[in-house]
Trainee: 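I am attaching a structure below and will ask some questions about it afterwards.
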Amino acid sequence: MILAVTNLKGGVGKTTIAINLAVEFALRGKKVCLIDLDEGQKSALVWGENRAESDRKPFIKVESQAAKQLFYNIPSLKETYDLVIIDGCPTLAEVQSRIIWAADIILVPVKPSELDYRSFEQFLEQYTRLAAERPAERKLLGFTLLNGVVSNSNIAKNIEEALGHYEQLPLLKTRLGQRISYAESISDGVGVSEYKDPKAKSEMAGLVDEIEKIIANF
């Protein structure tokens with residue numbers, strides 16, 4: 001199964017979410033590979049190196065790839081791993097088309113702000129067009145995830161309501177809060193599921209529960 005976390009906009013939490021999904025799935029016994037497509041920052045790769053140095057278990061394979069490599073590498077990755085998680089990058093249509101071609105499931109993080117919402121609308125237009133170009137026999141599911149939510153925020157409620165109207169990318173039930181533990185844990189080479197914040201642990205467990213149900217019905 002290939003799960004891509006992507007968006008046209010930077011700063012929406014793609015890498016943080018991809019890393020934490022990899023950790024939670026690995027803790028549940030899955031053999032996981034995390035692909036870092038950001039050839040500039042390579043944040044997921046740096047996290048993987050920090051994790052390797054700390055000898056943290058379970059082991060998660062983290063590697064950097066250019067988007068054009070996906071076409072050739074996906075078949076062998078699917079054979080080797082239970083789950084391949086693609087950490088996408090804010091890019092133009094060419095790279096997004098490769099991500100959408102490669103993935104079975106697309107996860108689009110959106111933060112509760114007007115600018116992020118407008119960027120999501122642009123992504124949705126591109127996603128709809130690119131998804132339509134995939135062969136009909138290759139199933140693709142896409143979902144939106146509200147990330148960085150502050151409790152009782154009116155803007156979060158408004159954005160959540162607006163996102164709920166898009167059938168092409170249904171909004172997941174799980175909400176990820178704006179928590180310092182997401183940043184702190186990554187600097188230590190771990191995920192929040194291995195960290196000290198019970199609320200963040202619960203959020204990530206809930207997100208993976210939701211994704212596991214999607215995978216089971218894929």
Side-chain angles (χ1 to χ4, degrees), residues 3-25 34 38 41 43-44 47 85-91 96 99-100 103 105-128 131 140-188 190-215:
L3 170 63
V5 185
T6 190
N7 196 325
L8 285 174
K9 188 177 184 300
V12 296
K14 293 182 295 295
T15 300
T16 298
I17 291 167
I19 286 171
N20 279 285
L21 287 175
V23 170
E24 179 66 23
F25 273 107
L34 177 60
D38 193 335
Q41 295 187 13
S43 300
W47 173 85
I85 298 175
I86 298 173
D87 175 22
C89 51
T91 54
Q96 290 299 332
I99 293 172
I100 292 171
I105 298 172
I106 299 281
L107 185 60
V108 186
V110 179
K111 286 196 171 181
S113 77
E114 184 69 21
L115 291 178
D116 285 76
Y117 176 69
R118 296 305 173 196
S119 175
F120 166 76
E121 289 185 313
Q122 293 177 342
F123 178 87
L124 178 65
E125 180 180 344
Q126 190 176 70
Y127 169 83
T128 302
L140 174 67
L141 296 177
F143 300 89
T144 309
L145 171 66
L146 199 57
N147 182 40
V149 177
V150 178
S151 299
N152 301 318
S153 164
N154 287 330
I155 184 64
K157 293 176 182 177
N158 292 337
I159 297 297
E160 179 177 354
E161 182 179 356
L163 291 174
H165 294 299
Y166 294 99
E167 296 181 357
Q168 306 97 314
L169 290 169
L171 182 63
L172 294 176
K173 293 179 181 179
T174 305
R175 307 287 179 265
L176 300 184
Q178 184 174 304
R179 306 187 190 283
I180 190 64
S181 56
Y182 284 106
E184 290 178 341
S185 59
I186 283 181
S187 65
D188 291 339
V190 301
V192 293
S193 300
E194 303 165 306
Y195 205 57
K196 57 189 177 183
D197 182 346
K199 291 183 178 179
K201 286 183 182 181
S202 178
E203 287 175 353
M204 193 52 54
L207 177 58
V208 170
D209 285 345
E210 197 168 357
I211 293 173
E212 282 187 331
K213 291 178 182 178
I214 293 168
I215 292 174

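Just so you know, these numbers come straight off a predicted model, no measurement behind them. Numbers here simply count residues along the sequence, with the first being 1.
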Trainee: Using every non-hydrogen atom in the two residues, find where Asn20 and Val192 come nearest and quote the distance to one decimal.
Mentor: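 Reported closest heavy-atom pair: OD1-N, 2.7 Å.
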Trainee: So, Glu160 and Arg175, do they make that salt bridge, N to O below 4.0 Å?
Mentor: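 Yes, this pair counts.
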Trainee: Just wondering, do Leu141 and Ile106 contact through their side chains at under 4.5 Å, heavy atoms?
Mentor: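 SC-SC contact between Ile106 and Leu141 ruled out.
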Trainee: Taking Pro198's backbone N and O only, do any of them form a donor-acceptor pair with Ser202's side chain (distance below 3.5 Å, no angle check)?
Mentor: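 Side chain of Ser202 to backbone of Pro198: no pair is present.
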Trainee: Between the main-chain N or O of Val190 and the side-chain N or O of Asp188, is there a donor-acceptor pair closer than 3.5 Å?
Mentor: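 Checking the backbone N and O of Val190 against the side chain of Asp188, no donor-acceptor pair under 3.5 Å is found.
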Trainee: Which atom names give the shortest non-hydrogen contact between Pro109 and Thr6, and what distance separates them?
Mentor: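 In terms of heavy atoms, the two residues are closest at CD-O, 3.5 Å.
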Trainee: Within this structure, what is the CD1-NZ distance for the pair Ile215 and Lys213, rounded to the nearest 0.5 Å?
Mentor: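 Rounded to the nearest 0.5 Å, the CD1-NZ separation comes to 13.0 Å.
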Trainee: Counting only heavy atoms not in Glu125 (residues, nucleotides, ligands), do more than 12 fall under 6.0 Å from its CD?
Mentor: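 Open: at most 12 neighbouring heavy atoms sit under 6.0 Å from CD of Glu125.
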Trainee: Mind checking salt bridge (Lys or Arg N to Asp or Glu O under 4.0 Å) for Glu114 and listing every partner two or more places apart, or none if nothing turns up?
Mentor: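 Salt bridge (Lys or Arg N to Asp or Glu O under 4.0 Å) check on Glu114 returns Arg118.
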Trainee: To the nearest 0.5 angstrom, please state how far the CG atom of Leu8 sits from the CD atom of Gln96.
Mentor: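 Nearest 0.5 Å value for the CG-CD distance: 5.0 Å.
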Trainee: For a 4.5 angstrom cut-off between non-hydrogen side-chain atoms, does Met204 reach Leu21?
Mentor: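 Yes, at least one pair of side-chain atoms sits under 4.5 Å.
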Trainee: Do Asp38 and Thr15 come close enough that some side-chain heavy atom pair is under 4.5 Å?
Mentor: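 Sidechains of Thr15 and Asp38: no contact.
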Trainee: Considering non-hydrogen atoms only, spot the tightest contact between Gln168 and Tyr127 and give its length.
Mentor: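 Smallest interatomic distance, heavy atoms only, reads O-CE2, 4.0 Å.
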Trainee: If only atom types and distance count, is the side chain of Thr128 paired as donor or acceptor with the main-chain N or O of Leu124 below 3.5 Å?
Mentor: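 Side chain of Thr128 to backbone of Leu124: a pair is present.
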Trainee: With side chains defined as the heavy atoms from C-beta onward, is the minimum distance between Tyr182 and Ile17 less than 4.5 Å?
Mentor: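 Of all side-chain heavy-atom pairs linking Ile17 with Tyr182, none is under 4.5 Å.
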Trainee: Using a 4.5 Å cut-off on heavy atoms from C-beta on, say whether the side chain of Lys9 contacts that of Phe120.
Mentor: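 A side-chain contact under 4.5 Å is absent here.
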Trainee: So, do Leu172 and Leu107 sit near enough that their side-chain heavy atoms are less than 4.5 Å apart?
Mentor: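 Heavy-atom side-chain distance check passes, below 4.5 Å.
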Trainee: Under 3.5 Å, side chain of Thr144 to main-chain N/O of Leu169, donor-acceptor pair present?
Mentor: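 Checked: pair present.
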Trainee: Counting only N and O atoms by type, is there a donor-acceptor contact under 3.5 Å from the side chain of Lys201 to the main-chain atoms of Tyr195?
Mentor: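 Yes: the side chain of Lys201 pairs with the backbone of Tyr195.
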Trainee: Considering non-hydrogen atoms only, spot the tightest contact between Ile186 and Trp47 and give its length.
Mentor: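 Taking every non-hydrogen atom into account, O-CD1, 3.1 Å.
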Trainee: What heavy-atom pair brings Asn7 and Ser119 nearest, and what distance separates the two atoms?
Mentor: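 Looking at all heavy atoms of both residues, the shortest contact is OD1-OG, 4.1 Å.
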Trainee: Quick one: CG on Leu146 to NZ on Lys173, what's the gap to the nearest 0.5 Å?
Mentor: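 One gets 15.5 Å once the value is rounded to the nearest 0.5 Å.
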Trainee: Is any side-chain heavy atom of Val108 closer than 4.5 Å to one of Phe143?
Mentor: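 Result no, sub-4.5 Å side-chain heavy-atom pair not found.
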Trainee: Looking only at heavy atoms, which two atoms of Ser181 and Asp197 are closest? And how far apart?
Mentor: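 Heavy-atom minimum between the residues: OG-OD2, 2.8 Å.
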Trainee: Can you tell me how far apart CG (Leu145) and CG (Leu171) are? Round to the nearest 0.5 Å.
Mentor: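 Spacing of CG (Leu145) from CG (Leu171) equals 8.0 Å.
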Trainee: Tell me if a side-chain donor or acceptor on Thr16 pairs with a main-chain N or O of Gly13 at a distance below 3.5 Å.
Mentor: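 A pair under 3.5 Å: no.
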Trainee: Ignoring hydrogens and angles, tell me if any N or O in the side chain of Asn147 forms a donor-acceptor pair with the backbone of Val12 under 3.5 Å.
Mentor: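 Yes, because the side chain of Asn147 sits within donor-acceptor range (under 3.5 Å) of the backbone of Val12.
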Trainee: Working note: Val149 + Leu176, criterion side chain to side chain contact (heavy atoms under 4.5 Å, CB included); need CA distance, chi angles, decisive distance, verdict.
Mentor: CA-CA 6 Å; Val149 177; Leu176 300 184; over 6 Å; no
Trainee: Taking Asp87 first and then Lys14, would you say they form a salt bridge - that is, a charged N and a carboxylate O separated by under 4.0 Å?
Mentor: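 So Asp87 does not pair with Lys14 through a salt bridge.
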Trainee: If you define the side chain from C-beta out and look only at heavy atoms, does anything of Ile86 sit under 4.5 Å from Leu3?
Mentor: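 No, too far: nothing below the 4.5 Å cut-off.
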Trainee: Any salt bridge linking Glu203 with Arg179? Criterion: basic side-chain nitrogen under 4.0 Å from a carboxylate oxygen.
Mentor: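 Salt bridge between Glu203 and Arg179, a charged N being under 4.0 Å from a carboxylate O: yes.
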